[in-house]
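Below you'll find the structure, written out as C-alpha cells, and then a few comments.
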Amino acid sequence: MLEVIRKYTAEIGDSDIGKTVKLYGWVHEIRDHGGIVFVILRDREGFIQVTVPRKKVDTDVFKTVKKVHRESVIEVIGTVKAEPKAPGGYEIVPQKFVILNEADAPLPLDVAEKVPAELDTRLDHRYLDLRKPKIQAIFRIRHCVLKSVREFLCEEGFIEVNTPKIVSTATEGGTELFPISYFEKEAFLNQSPQLYKQVLMAAGLERVFEIGPIFRAEEHNTVRHLNEAVSIDIEASFIDHEGVMNILERLIKRVYEDVSESCSRYLKWLGIELETPKIPFKRLSYDEALNIAERKGESIPWGEDISTPALKLISEDMPEFYFIVDWPTKSKPFYAMPYKDKPEICKSFDLMKGYIELASGAQRIHVYNLLVKRIEECGMSIDSFGFYIESFRYGMPPHAGWGLGADRLLMAMLNLKNIREGVLFPRDRNRLVP
RNA sequence: GCCCGGGUGGUGUAGCUCGGCCGAUCAUGCGGGCCUGUCGAGCCCGCGACUCGGGUUCAAAUCCCGACCCGGGCGCCA
C-alpha cells in the first residue's frame, strides 16, 4: 500500500485534486445537517473543510464524525475535491476519520471566537487561546523578530553571549530585585545584564549581545510592564552613544523589513499593514521634550524623569520612532558618561515609540576614577561592586550599549494594547501561573 | 502601591440607580430531536450562574464593611 502523504491545510491546491492526502489537526467547528456533516479541520497553517455525506462515506467514519467534539485532535485521510461551495475552495471527503484524542466539553474558552473572552480568561487557558490563528500569528512574528535581530547583530560583528541570571547583590541600585534562596547564601534574580556586558568589554570581546530574561520586582500594574521580560542587550567597544544609536535604528528598520517580507501571512491574519520606519530617527533633546510638555500644560522640573502624561503629550508631536537624548546625569544610572563640557547632562538616550520607552542606552564611563566618583555621588559604595569595578582598572576600552525590550518592540510593531498579548506566559504582579 | 470602575452559567453579558415583581435576561456552549451543501447553518425541547467572608433588613445579585481578583488612570521602574 502506498504511503499517504501528510499535508498542511494551507498546502492543499489544484495539484491535489482527486488525490488522497492525510491531515492532522483539531476540530474547529462542526456543522451537522443530519445526512451531511461538515467538520472544519484546523492545523498550524489554516483550515480545511472535511465534508462527510452519510451515503458516500464508510458507516464507521460517519458514526465517528457524529460523535466528535470541538477541539478534539483528529487524523483524516481522504480525497481532495475542488468545491466552490466549500470555504477555501477545496474539501476533503474522508476514507478515514480517527479521533486521536477527544476533547472534553464545554471548553474553557471558545477557540472559534463566536463569544469573546477577556485577556485574563485567555491567559488562564493560554494553550487554547493560542489555537486561534490571530494569537498564533503574534508569536510567529515574535519568532521572526528575534531571528532578524540575531541575524542583524551577527552581521554587525556581535558575539552572542549568556550572562548569569542569578546574582549575588542588589548593588546596581534602583529597581527592586527578587530575592531567592541560593544554598546558604542570599541571591537575586538579575534585573539586567548591564554589568556583565561591560565586563565583557574589558575581556576584549568588543561587541556582544544577549537576548534573555530580566527580572524586576516592582509592584507596577500597567499594560506595558512585566516582572519578567525579555531584553535584547548589546555592548560595543570603541564606539560612542551616537554609534550605538545608529546600530539601534538600523536594527529596527531591518526587523520591520524582515517581518514585512517573511511574515506577510501572519500580518494579514492580524489585519496589520506594516510600514518600515525611515531612518535616521529624530533626536529630541531632554530639554526640547520638556518644552513640548510645558507648552501643552505639563511641566516637569528639570532633572526629573519625564512623567507618563508628559510623554503622552510629547508623543502627539512625534508619531514615529524617536530618541530622547542628552538626559540629566542625575536622572540616569551612574555608568552613563557625562558630557565633558557640560557634566550635568550625559550621553544617554531612550528610544521611544509613542509614549512607550522601547530601549535605553548610553555611552558608558570607562575611566576608573570617574566611575568611582559617580558611584559615590549616587550614594553607593564601591566595595559592593567587586568584580565589576575591578575590570575598569586593567584596560577597559571606551564603550557604549543599549537594552531593548523585546516584548515592547513587538507591542509597538503590532500595536498591541497590552504587553501581555505578546508574551506566551506573562508574569506580573498577580500572575504566576500558567 | 494610590485613585476610579467592576466581579452574574464553560464563555461573553442584562439586571444593581429605587431591596420584594429574580423561581435571574440574552447570546454562545453543552445534552436530546428534525434536517444532504453548510460557511456565525437553521428550527424545537432541555441543562447550566449571582467571587469569598461578615453585616443591615421581615426580605439582599441589588445596600454597607473586609479580602481576593479584573479593567482604566497614575506612581514606581539604576
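Each chain gets a letter, A, B and so on, in the order its sequence line appears, and its residues count up from 1.
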Q. Can you check whether A:Arg70 has a side-chain N or O nearer than 4.0 Å to OP1 or OP2 of B:G29?
A. no
Q. Tell me: CG of A:Leu226 to P of B:C76, nearest whole Å?
A. 19 Å
Hey, what are the protein-to-nucleotides 44-52 of chain B N/O distances that come in under 3.5 Å?
none

Q | Side chains of A:Glu102 and A:Ser72, donor plus acceptor under 3.5 Å | A | yes
Q: Using whole Å, report how far NZ of A:Lys114 lies from P of B:G42.
A: 8 Å
Q: Look at the side chain of A:Glu113 against the base of B:G12 and say whether a donor-acceptor pair falls under 3.5 Å; ignore hydrogens and angles.
A: no
(Q) Whole angstroms only, please: what is the NZ-P distance between A:Lys330 and B:A78? (A) 16 Å
Q: Take atom CG of A:Asp129 and atom C1' of B:G12, then tell me their distance rounded to the nearest Å.
A: 14 Å
Q. What's the closest nucleotide to the A:Thr51 side chain, out of B:C35, B:G10, B:G37?
A. B:G37
Q: Determine the Euclidean distance between corresponding P atoms of B:A27 and B:A41; express it in Å to zero decimal places.
A: 16 Å
Q: Using the C1' atom as the reference point in each nucleotide, state the distance between B:G48 and B:U13 in Å, no decimals.
A: 15 Å
Q) Which residue, A:Ser360 or A:Asp428, contacts RNA chain B at a nucleotide closer to its 5' end, judged by nearest heavy atom? A) A:Asp428
Q.
Just so I know, are the side chains of A:Asp58 and A:Pro94 near enough to count as touching, which here means a heavy-atom distance under 4.5 Å?
A. no
Q: Pick the P atom in B:C44 and in B:U62, then give their distance to the nearest Å.
A: 35 Å
Q | Short side-chain N/O contact from A:Thr222 to OP1 or OP2 of B:G73, under 4.0 Å | A | no
(Q) What's the gap between B:G12 and B:G23 when it is taken at their C1' atoms, as a whole Å value? (A) 24 Å
Q. What is the distance from CD1 of A:Ile214 to C1' of B:C77, rounded to the nearest Å?
A. 10 Å
Q) Taking C-beta and beyond as the side chain, do A:Arg122 and A:Ile135 meet within less than 4.5 Å on heavy atoms? A) yes
(Q) Are A:Tyr394 and A:Tyr368 an aromatic pair, judged by ring center distance below 6.0 Å? (A) no
Q | A:Lys312 side chain near B:C74 phosphate (N/O to OP1/OP2, under 4.0 Å) | A | yes
Q: Verify salt bridge (charged side-chain N to carboxylate O under 4.0 Å, His left out) between A:Asp317 and A:Lys296, making sure each step is shown before the conclusion.
A: CA-CA 11 Å; A:Asp317 289 12; A:Lys296 297 189 176 215; 2.9 Å; yes
(Q) For B:C2, give the paired nucleotide (Watson-Crick: N1-N3 plus N6-O4 or O6-N4; G-U: N1-O2 and O6-N3; both under 3.5 Å), or none. (A) B:G73
Q: Would you please confirm or rule out a distance under 4.0 Å between OP1 or OP2 of B:G31 and any side-chain N or O of A:His69?
A: yes
Q: Sticking with atom C1', work out how far B:G71 lies from B:G9, rounded to a whole angstrom.
A: 22 Å
Q) What is the base-pairing partner of B:C22, counting Watson-Crick and G-U wobble geometry with both distances under 3.5 Å? A) none
Q.
Over all strands shown, is A:Asp32 touching base, sugar-phosphate only, or nothing at heavy-atom distances under 4.0 angstrom?
A. base
Q: Identify which nucleotide among B:A78, B:C77, B:U36 has an atom closest to any side-chain atom of A:Ile36, counting heavy atoms from C-beta outward.
A: B:U36
Q: For A:Lys55, report the nucleic acid contact type (base, sugar-phosphate, nothing); a contact means any heavy atom under 4.0 Å.
A: base
Q | A:Glu219 or A:Pro87, whichever maps to the more 5' nucleotide of RNA chain B | A | A:Glu219
Q.
Rounding to an integer number of Å, can you tell me how far A:Leu107 CG sits from B:U11 P?
A. 11 Å
Q: Scan A:Glu29 against the nucleic acid and name what it touches under 4.0 Å (heavy atoms): base, sugar-phosphate only, or nothing.
A: sugar-phosphate
Q. Passes ring pair (Phe, Tyr, Trp, His ring centres under 6.0 Å), A:Phe215 versus A:Phe178? Steps please.
A. CA-CA 7 Å; A:Phe215 304 91; A:Phe178 287 109; 7.1 Å; no
Q | Watson-Crick or G-U wobble mate for B:G40, both contacts under 3.5 Å | A | none
Q: Look at all strands and tell whether A:Ala112 reaches a base, only sugar-phosphate, or nothing, counting heavy atoms closer than 4.0 Å.
A: nothing
Q. Do A:Asp43 and A:Thr9 have side-chain atoms, one donor and one acceptor, less than 3.5 Å apart?
A. yes
Q: Sticking with atom P, work out how far B:G15 lies from B:U25, rounded to a whole angstrom.
A: 14 Å
Q: Using the P atom on both, measure B:G20 against B:C63 and round to a whole Å.
A: 11 Å
Q) Please walk me through it: do A:Trp302 and A:Asp287 pass side chain to side chain donor-acceptor pair (under 3.5 Å)? A) CA-CA 8 Å; A:Trp302 195 91; A:Asp287 288 355; 2.7 Å; yes
(Q) By the 4.0 Å heavy-atom rule, please label A:Pro116 as base, sugar-phosphate, or nothing. (A) sugar-phosphate
Q) Base, sugar-phosphate, or nothing for A:Val37, non-hydrogen atoms under 4.0 angstrom? A) nothing
Q | Spacing of the C1' atoms in B:G31 and B:G10 (rounded, Å) | A | 14 Å
Q | Pairing nucleotide - B:C63, Watson-Crick or G-U, each distance under 3.5 Å | A | B:G55
Q.
Of the options B:A27, B:A78, B:C70, whose atoms approach the side-chain atoms of A:Asp120 most closely?
A. B:C70
Q) Is there a donor N/O on one and an acceptor N/O on the other, under 3.5 Å, for the side chain of A:His220 and the base of B:C77? A) no
Q: Starting at atom CZ of A:Phe47, determine the distance to atom C1' of B:U38, rounded to an integer number of angstrom.
A: 16 Å
Q.
Looking at A:Asn430, I'd like to know whether one of its side-chain N or O atoms comes within less than 4.0 Å of OP1 or OP2 on B:C68.
A. no
(Q) Tell me whether A:Lys312 forms a cation-pi arrangement with A:Tyr355, defined as NZ or CZ under 6.0 Å from the six-membered ring centre and within 45 degrees of its axis. (A) yes
Q: Ignoring the backbone of A:Pro108, work out which of B:G10, B:C77, B:G1 is nearest its side chain.
A: B:G10
(Q) I'd like to know if A:Glu118 reaches the base of B:U11 with its side chain, counting only an N/O donor and acceptor under 3.5 Å. (A) no
**Q.** Paired nucleotide for B:U28 [Watson-Crick or G-U wobble; both distances under 3.5 Å]
**A.** B:G10
Q. How close or far is atom C1' of B:C39 from atom CD1 of A:Ile30, stated in whole angstroms?
A. 15 Å
Q) Just to confirm, is there a sub-4.0 Å distance from OP1 or OP2 of B:G12 to any side-chain nitrogen or oxygen of A:Thr121? A) yes
Q: Using the aromatic ring of A:His33 (for Trp, its six-membered ring), decide whether it stacks on the base of B:G37 within the limits of 5.5 Å and 30°.
A: no
Q.
For A:Phe349 and A:Phe281: C-alpha separation, side-chain torsions, deciding distance, then whether ring pair (Phe, Tyr, Trp, His ring centres under 6.0 Å) applies.
A. CA-CA 12 Å; A:Phe349 58 87; A:Phe281 299 153; over 10 Å; no
Q) At under 4.0 Å, does any side-chain N or O of A:Arg31 touch on OP1 or OP2 of B:U38? A) no
**Q.** Donor-acceptor pair between A:Lys165 and A:Thr163 side chains, under 3.5 angstrom
**A.** yes
Q: Show the numbers, then the answer: is there a salt bridge (charged side-chain N to carboxylate O under 4.0 Å, His left out) between A:Glu113 and A:Lys134?
A: CA-CA 11 Å; A:Glu113 281 189 290; A:Lys134 266 192 174 187; over 6 Å; no
